[in-house]
Colleague: 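The structure that follows is given in the form of C-alpha cells.
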Amino acid sequence: MYFAALLARTEDGWEASDTELDDVETLSDLTDLAQEASVDEDTVLVYIEQEDAWFGILRVDGEEDPRIYVSDASAAARSSYGEILLTDELLGREPGAEDEIAALEELVDLDGTEDGDPDEAARPASPAGTAADRQAHPPSHPDTDPDTGTDPDAVPAGPIGELGILADFGISEKDLLTLRTDALTEIADALGAAEVLDAVR
C-alpha cells in the first residue's frame with residue numbers, strides 16, 4: 001500500500017494535503033506538482049511511502065533543484081513511484097545509462113555477435129571445455145565489472161540521497177537514518193505539522 005502527502009510551508013505554518021500520483025511519471029512531474037503547491041516559493045515537501053518497505057522525501061525550495069532522500073534504494077527500485085525518485089544522478093550513473101545499455105543489448109547478442117551477422121553460421125562452435133576449466137573461469141554477467149565482480153548499475157541497498165534534507169527543520173542526519181515505519185508522523189511532529197497532517201490522513 002502506498003501513501004503520498006504534500007506539506008507546504010506558509011507564513012502561518014504548514015498546509016498538508018494527500019497527493020495523487022496517478023499522473024506523475026517523472027521527477028519533473030513531481031517537482032512541478034510541488035512547485036504548484038508552493039506559497040511564495042517557500043519550501044514544499046513531498047512524502048511517498050510504501051508500507052513497511054521504504055519512504056522517500058522530495059524537497060523543493062522555490063526554483064532551486066529538488067533535493068531527494070530515499071530510505072531504501074533497492075526496495076524503492078522495485079516500485080514505479082520509487083523509480084521516479086531514483087534518478088541517474090542520485091545513483092551516481094551517467095545520465096541515460098540504462099537506455100544506452102538496453103539499446104546495446106538489442107543490437108548485440110550476449111555472446112557478442114550482432115544480429116544478422118553473415119559469418120555467424122560459419123563460425124565453429126567453441127569447445128565446452130572441461131569442468132575444471134569452467135570452475136576456474138566461470139562465465140560472468142555482461143554487466144559485471146571484471147575488477148570488482150559487481151554490477152555497476154545495481155541499485156544499492158539502504159538509504160540514498162541527501163541526509164541533511166531536513167536538518168534545518170530539526171531532523172538531523174542521524175535522526176533521519178533511524179526513521180523506519182510511520183516516518184511521516186515523526187517528521188510531521190518535528191515540523192509542527194502533526195495536526196494538519198492528521199486532518200488529511
Side-chain angles (χ1 to χ4, degrees), residues 1-10 13-100 102 153-169 171 173 176-177 179-188 190-191 193-194 196-201:
M1 179 182 295
Y2 290 94
F3 176 75
L6 187 149
L7 292 167
R9 188 168 65 172
T10 71
W14 292 86
E15 294 180 352
S17 60
D18 56 350
T19 305
E20 292 294 334
L21 300 177
D22 294 343
D23 297 327
V24 174
E25 298 180 354
T26 67
L27 181 62
S28 294
D29 292 339
L30 192 60
T31 301
D32 289 344
L33 185 69
Q35 289 175 335
E36 289 171 4
S38 177
V39 178
D40 296 329
E41 297 190 351
D42 210 333
T43 301
V44 175
L45 302 175
V46 180
Y47 176 91
I48 304 173
E49 174 187 85
Q50 182 180 4
E51 188 175 6
D52 297 330
W54 64 275
F55 70 88
I57 301 168
L58 173 79
R59 174 173 175 170
V60 175
D61 295 286
E63 297 297 326
E64 296 182 13
D65 291 338
R67 300 158 65 184
I68 300 169
Y69 172 79
V70 177
S71 65
D72 189 330
S74 61
R78 297 189 289 271
S79 158
S80 58
Y81 295 140
E83 288 181 340
I84 294 173
L85 298 174
L86 296 175
T87 63
D88 288 334
E89 181 179 0
L90 193 69
L91 295 171
R93 297 173 178 168
E94 290 293 329
E98 285 189 348
D99 294 337
E100 291 180 5
D153 293 315
V155 177
I160 194 171
E162 188 172 339
L163 294 176
I165 190 171
L166 300 175
D168 55 335
F169 295 129
I171 301 177
E173 296 181 6
L176 189 61
L177 288 171
L179 298 180
R180 291 293 182 267
T181 58
D182 205 19
L184 181 57
T185 297
E186 297 189 45
I187 292 172
L191 298 176
V196 294
L197 179 63
D198 288 341
V200 299
R201 295 194 80 168

Colleague: Any side-chain heavy-atom pair from L30 and L85 closer than 4.5 angstrom?
Modeller: yes
Colleague: What distance do D65 atom CG and R59 atom CZ have between them, rounded to the nearest 0.5 Å?
Modeller: 13.5 Å
Colleague: Which atoms form the tightest heavy-atom contact between P156 and A73, and what is the distance?
Modeller: O-CB, 3.2 Å
Colleague: To the nearest 0.5 Å, what is the distance between CD1 (I165) and CG (L58)?
Modeller: 7.0 Å
Colleague: Among I68, L91, L27, which residue satisfies the side-chain contact (heavy atoms from CB on, under 4.5 Å) criterion with L86?
Modeller: L91
Colleague: If I compare all heavy atoms of A16 with all of V200, which pair ends up nearest, and what's the gap?
Modeller: O-CG1, 3.5 Å
Colleague: State, yes or no, whether a side-chain contact exists between L21 and Y2 at a heavy-atom distance under 4.5 Å.
Modeller: no
Colleague: Does the side chain of L33 come within less than 4.5 Å of V46's, by heavy atoms?
Modeller: no
Colleague: Donor-acceptor pair, distance only, cut-off 3.5 Å: does the side chain of S71 make one with the backbone of F55?
Modeller: yes
Colleague: Roughly how far, to the nearest 0.5 Å, is the OG atom of S79 from the CD1 atom of I84?
Modeller: 8.0 Å
Colleague: For a quick test of reading the model, state the closest non-hydrogen atom pair linking A75 to A53 and the distance between them.
Modeller: CB-O, 4.1 Å
Colleague: Indicate yes or no: at least one non-hydrogen side-chain atom of P159 is less than 4.5 angstrom from one of L177.
Modeller: yes
Colleague: Could you tell me whether the side chain of R93 reaches within less than 4.5 Å of the side chain of V155, counting heavy atoms only?
Modeller: yes
Colleague: To the closest 0.5 Å, what do you measure between OG1 (T43) and CZ (F169)?
Modeller: 4.0 Å
Colleague: For a quick test of reading the model, state the closest non-hydrogen atom pair linking Y81 to D22 and the distance between them.
Modeller: OH-OD1, 3.9 Å
Colleague: Measure the spacing between CD of E162 and CD of E173 and express it to the nearest 0.5 Å.
Modeller: 8.5 Å
Colleague: Any heavy-atom pair between the side chains of L166 and Y69 that's under 4.5 Å?
Modeller: no
Colleague: Could you tell me which residues satisfy salt bridge (charged side-chain N to carboxylate O under 4.0 Å, His left out) with D42, sequence neighbours excluded, listed by chain and number?
Modeller: R9
Colleague: Of all heavy-atom pairs between V44 and S38, which one has the smallest distance, and what is that distance?
Modeller: CG2-CA, 3.6 Å
Colleague: Below 4.5 Å, heavy atoms only, C-beta onward: do I57 and L176 meet side chain to side chain?
Modeller: yes
Colleague: Let me confirm one number: the CD1-CG distance from I187 to L197, rounded to the nearest 0.5 Å.
Modeller: 10.0 Å
Colleague: How close do V60 and P66 get, heavy atom to heavy atom, and via which atoms?
Modeller: CG2-CB, 4.2 Å
Colleague: Taking D29 for its side chain and T26 for its backbone only, find out whether a donor-acceptor pair lies under 3.5 Å.
Modeller: yes
Colleague: Taking the side chain as everything from C-beta on, heavy atoms only, tell me whether W54 gets closer than 4.5 Å to V70.
Modeller: yes
Colleague: Quick check: are there more than 12 heavy atoms from other residues, nucleotides or ligands sitting under 6.0 Å from CG of D168?
Modeller: yes
